[in-house]
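As structure tokens, the structure follows; a few thoughts come after it.
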Amino acid sequence: MRRASGIAQTALVVAFLATAVSGCEQGGPASTSPASTAATKAAGSLRARADELSQRGQYEEALAAYREALRQEPNDLALRYAVAVTLATLNRRAEATEAYRWVFFNGLPGSELVEKSETWLRAAGALATTTEPVPDKAIEKTATDTRIRGHITWAYVDPGRPAPRVHLRLEGTDASNKGTVYNTVASLNADYEFASVPPGSYRLTAQSPLIAVRLWELNVTVEEGTATVVDLSEASSVAPGTSFAVKPR
């Protein structure tokens with residue numbers, strides 16, 4: 001009975017996987033250039049092959065095919081999700097977590113694949129809250145709702161695709177706030193904000209999960225009773241010139 005149940009569960013995973021990667025959600029609109037069209041066709045062929053391998057239970061081979069398809073279409077959300085599901089099926093938890101996190105942070109909020117990725121991550125205990133709890137003592141320290149906010153500006157972004165996400169982390173560096181950490185997610189060429197941040201000194205870092213590059217790293221001082229504005233741009237970046245535009249093939 002246990003073996004039959006396992007086979008049935010695997011069949012359900014494969015069936016959903018085939019549906020998910022058939023194009024129900026993409027990372028952005030496809031380019032109409034000949035090179036991009038050829039890449040899309042190549043990725044589609046590899047995806048079909050990977051789907052077939054998954055249905056046969058050949059998950060290692062399917063994973064290799066999905067990853068090869070991602071080299072052709074690195075922003076394809078459904079392919080990223082297929083990789084996550086396949087890794088989870090192979091019980092490669094750490095790699096599956098990273099793959100699901102990519103989908104969760106780069107997909108359209110509220111979309112099916114983002115919600116399913118969030119469900120998996122929360123069940124695995126791998127998804128932290130947007131803002132980690134602040135110690136009671138720090139909350140009592142200020143009666144005002146101080147915050148850090150600003151605008152992120154980046155020139156080298158593909159205008160034909162959704163703006164890449166940025167993970168921002170704020171970590172206390174004072175004796176009074178050491179160990180206090182805030183996390184939030186924003187997009188390039190958009191606003192970001194950390195709300196209810198007690199006055200003090202902090203280290204602000206920001207990284208792109210799309211290309212695993214740290215873009216900013218700077219010290220910030222939050223004053224009591226006012227919003228601290230920290231605009232982020234290439235001029236203040238530790239990796240200026242990084243391009244998020246699709247390169248010609």
Side-chain angles (χ1 to χ4, degrees), residues 12-31 36-55 58-124 126-128 157-158 160-167 183 185-188 207-213 215 242-247 249:
L12 287 172
V13 170
V14 171
F16 177 78
L17 180 58
T19 302
V21 298
S22 63
C24 63
E25 183 174 357
Q26 302 294 325
S31 172
S36 181
T37 300
T40 300
K41 287 182 178 179
S45 177
L46 286 164
R47 175 187 299 174
R49 173 62 175 161
D51 290 345
E52 182 181 349
L53 290 166
S54 289
Q55 292 170 14
Q58 297 174 254
Y59 298 115
E60 290 286 358
E61 294 83 352
L63 178 62
Y66 282 133
R67 282 178 163 168
E68 182 59 31
L70 270 179
R71 293 190 183 95
Q72 304 293 329
E73 291 291 319
N75 293 324
D76 190 306
L77 203 75
L79 277 173
R80 293 276 183 175
Y81 184 81
V83 168
V85 173
T86 307
L87 286 166
T89 303
L90 290 168
N91 201 28
R92 290 162 63 170
R93 180 187 173 89
E95 294 171 88
T97 298
E98 288 303 310
Y100 276 117
R101 283 177 63 84
W102 194 99
V103 175
F104 176 72
F105 284 114
N106 289 279
L108 185 66
S111 62
E112 181 183 7
L113 297 188
V114 169
E115 289 184 348
K116 289 185 178 295
S117 296
E118 181 179 7
T119 298
W120 190 95
L121 288 166
R122 291 197 183 282
L127 188 64
V157 176
D158 187 349
R161 294 179 179 271
R165 298 287 187 93
V166 178
H167 295 180
N183 292 287
V185 179
S187 299
L188 292 178
Q207 179 169 323
S208 164
L210 182 64
I211 55 176
V213 171
L215 299 175
T242 300
S243 177
F244 293 86
V246 174
K247 297 179 181 179
R249 296 185 181 276

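Everything numeric here is computed off the predicted structure, so don't read it as measured data. As a basis for the values below, the full set of heavy atoms in this structure was taken, side chains included, without hydrogen atoms, waters or symmetry mates.
Distance CZ/Arg47 to CG/Leu70: 9.0 Å, rounded to 0.5 Å. Put simply, CG on Asp76 and CZ on Arg80 are 9.0 Å apart, with the number rounded to the nearest 0.5 Å. Between the CD atom in Gln72 and the OG atom in Ser45 there is a gap of 10.0 Å [rounded to 0.5 Å]. Note that OH of Tyr100 is 10.0 Å distant from NZ of Lys116, once rounded to the nearest 0.5 Å. Residue Asp158 holds its CG atom at 12.0 Å from CG of Leu188, rounded to the nearest 0.5 Å. To the nearest 0.5 Å, the span separating CG on Asn75 from CG on Asn106 amounts to 8.0 Å.
Of the options Thr86, Leu87, Leu79, Val85, a side chain to side chain contact (heavy atoms under 4.5 Å, CB included) to Val83 is made by Leu87 and by none of the others.
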Exercise. Check the pair Ser117 / Trp102 against side chain to side chain contact (heavy atoms under 4.5 Å, CB included), numbers first and verdict last.
Key: CA-CA 9 Å; Ser117 296; Trp102 194 99; over 6 Å; no
Practice problem: With salt bridge (Lys or Arg N to Asp or Glu O under 4.0 Å) as the test, would you mind laying out the steps for Glu95 and Arg67 before giving the verdict? | Solution: CA-CA 13 Å; Glu95 294 171 88; Arg67 282 178 163 168; 3.3 Å; yes
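When atom types are taken as modelled, the side chain of Arg165 and the backbone of Phe105 share a donor-acceptor pair closer than 3.5 angstrom.
Closest approach of Glu68 and Leu46 over heavy atoms only: CG-CD1, 3.5 Å. Of all the heavy atoms in Leu215 and Ser208, the pair that sits closest is CD1-CB, 4.2 Å. Across all non-hydrogen atoms, the minimal contact from Tyr81 to Val103 is N-CG2, 3.7 Å. The minimum heavy-atom distance between Ala88 and Trp120, with the atom names listed, is CB-NE1, 3.9 Å. Considering every non-hydrogen atom in both Leu121 and Arg101, the closest pair reads CD2-CG, 3.7 Å.
Residues Ser187 and Val166 are not in side-chain contact: their nearest non-hydrogen atoms beyond the backbone lie 4.5 Å or more apart.
Of the charged side-chain nitrogens involved, at least one lies within less than 4.0 Å of a carboxylate oxygen, so that Glu60 and Arg92 count as a salt-bridged pair.
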